[in-house]
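All values reported here derive from a predicted model rather than from experimental measurement.
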Amino acid sequence: MEALGIAAALLPNWFLKARWSILLVFSSLLNIISSHQSIIHVPLIRTTTINKLQIFPETGRSQQTPYFMSSRDLHGQPGQGYYIEFSIGKPPQKMNILIDTGSSNFAIAATPNDLITKYFHKEESSTYKSSSTEVEVSYTQGFWKGSLGTDLVTLADLTNLTVTANIACITESKNFFINGSGWQGILGLAYPAIARPDSSVQPFFDILVQQTGIPNLFSIQLCGSVTNREHLETGGTLVLGNIDESMYQGPMYFTPIQKERYYEVLITDLQIDGVSLGLDCKEYNFDKTIVDSGTTNLRLPNTVFQAVVSELKQRVVVSETVVSIKKFFTFYYRTWLLCLLLL
């Protein structure tokens with residue numbers, strides 16, 4: 001969801017994080033890096049050494065199955081992101097939190113807002129401790145302001161997992177919460193370097209690794225089964241401490257993290273229907289390319305976007321049941337850049 005980069009998160013069925021690797025699946029007309037006909041898994045290595053989990057690049061499989069936890073409680077809707085239920089404070093207050101690999105702060109609504117149905121009552125939590133530090137985070141769209149503190153945090157369906165985490169209590173926001181999205185906060189899973197107000201604010205997952213001893217690895221399955229057809233809601237899975245090998249097929253392909261801030265990667269090619277756009281590598285990565293679970297759009301530099309639109313216009317078949325291609329691209333041009341629903 002972080003605003004300061006190019007988000008590469010359209011159509012991933014799998015997103016496998018970061019501390020050691022990230023897994024992406026692109027299965028559509030538009031292919032990034034590879035033109036294979038089968039599902040493509042693209043994990044991104046964060047470090048070269050793994051203490052408790054050894055992954056073989058040749059097979060993408062782990063040598064052993066260490067302690068890990070899996071929550072199949074992810075929910076999402078088109079354009080609104082994926083969220084998971086957390087219990088915060090004592091007594092616990094349940095809130096739905098957006099999973100965002102494009103930022104690093106854990107922040108929750110702490111005052112009423114017309115766009116959300118509930119908020120965190122910090123005065124009712126006996127374990128909440130305020131640090132009296134003010135914080136503000138801006139995204140591609142919207143921002144929030146609040147104050148930092150700490151409290152107990154538990155994944156609602158993993159009651160054996162409780163940590164004391166840094167939490168920002170949001171008291172002011174604009175264009176941040178989404179009406180009807182179902183979530184009231186955001187869980188930033190990126191590196192401490194982009195935490196606000198500075199890197200001393202340890203992100204939730206770093207604290208989780210430190211306090212529980214789980215392997216420094218998580219994976220996210222997006223675009224799972226449809227849980228609510230009326231609202232186009234889909235499910236997903238968050239795996240902490242490992243990769244769930246039952247949730248994907250085939251080997252993994254690895255690519256390095258460029259900078260330990262966002263999950264920044266390097267795109268070497270972009271193909272439409274198996275045909276390369278033929279652009280210079282620098283065009284694809286201006287000014288950077290990040291993997292961001294907090295957005296459902298693929299955002300492209302203007303030169304790349306123009307080339308994609310040109311190629312798609314030659315390949316998309318327009319019928320009476322589909323909005324005209326001219327009207328379609330006029331609507332999305334320079335607004336959402338690229339947001340295709342290919343049915």
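- D100 has its side chain within reach of D292: a pair of non-hydrogen atoms, C-beta onward, lies under 4.5 Å apart.
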- Query: Run the ring-ring contact (aromatic ring centres under 6.0 Å, His included) check on Y191 and Y262 step by step: do they pass?
  - Reply: CA-CA 6 Å; Y191 291 89; Y262 306 94; 9.4 Å; no
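- Contact of the S219 side chain with the N242 side chain is not registered, since no non-hydrogen atoms from C-beta on lie closer than 4.5 Å.
- Residues S173 and N113 have side chains in contact (heavy-atom distance under 4.5 Å, counting atoms from C-beta outward).
- The shortest side-chain heavy-atom distance between L189 and I99 falls under the 4.5 Å cut-off.
- Ring geometry, F204 versus F86: the interplanar angle exceeds 60°, so the pair is classed perpendicular (tilted spans 30 to 60°).
- Heavy atoms only, all atoms of each residue included: S199 and A193 are closest at CB-CA, 4.2 Å.
- Hydrophobic clustering (ILVMFWY, side-chain heavy atoms < 4.5 Å, transitive): L152 and L240 are in distinct clusters.
- Residue G185 comes nearest to F177 through the heavy atom pair N-CE2, 4.2 Å, listed as atom of the first residue, atom of the second, then distance.
- Relative orientation of the Y139 and W144 rings is tilted, given thresholds of 30° and 60° on the angle between their planes.
- Residues T164 and I207 come closest through the heavy atom pair O-CG2, 3.4 Å.
- With contacts defined as side-chain heavy-atom distances shorter than 4.5 Å, the pair V201/L148 qualifies.
- Counting all heavy atoms, side chain and backbone alike, Y284 lies closest to D269 at OH-OD1, 3.4 Å.
- D151 places a side-chain heavy atom less than 4.5 Å from the side chain of F120.
- L115 is connected to L98 through a chain of hydrophobic side-chain contacts under 4.5 Å among Ile, Leu, Val, Met, Phe, Trp and Tyr, so both are in one cluster.
- The closest donor-acceptor contact from the side chain of T127 to the backbone of G89 lies at 3.5 Å or more, if one exists at all.
- Linking Ile, Leu, Val, Met, Phe, Trp and Tyr residues whenever their side-chain heavy atoms come within less than 4.5 Å places F305 and L279 in a single cluster.
- Taking the ring centroids of W183 and F176, they lie under the 6.0 Å cut-off.
- When side chains are defined from C-beta on, V135 does not count as touching S147, because their heavy atoms never get closer than 4.5 Å.
- Counting all heavy atoms, side chain and backbone alike, V163 lies closest to Q211 at CB-OE1, 3.2 Å.
- Side chains of I108 and Q184 form no contact here, defined as non-hydrogen atoms less than 4.5 Å apart.
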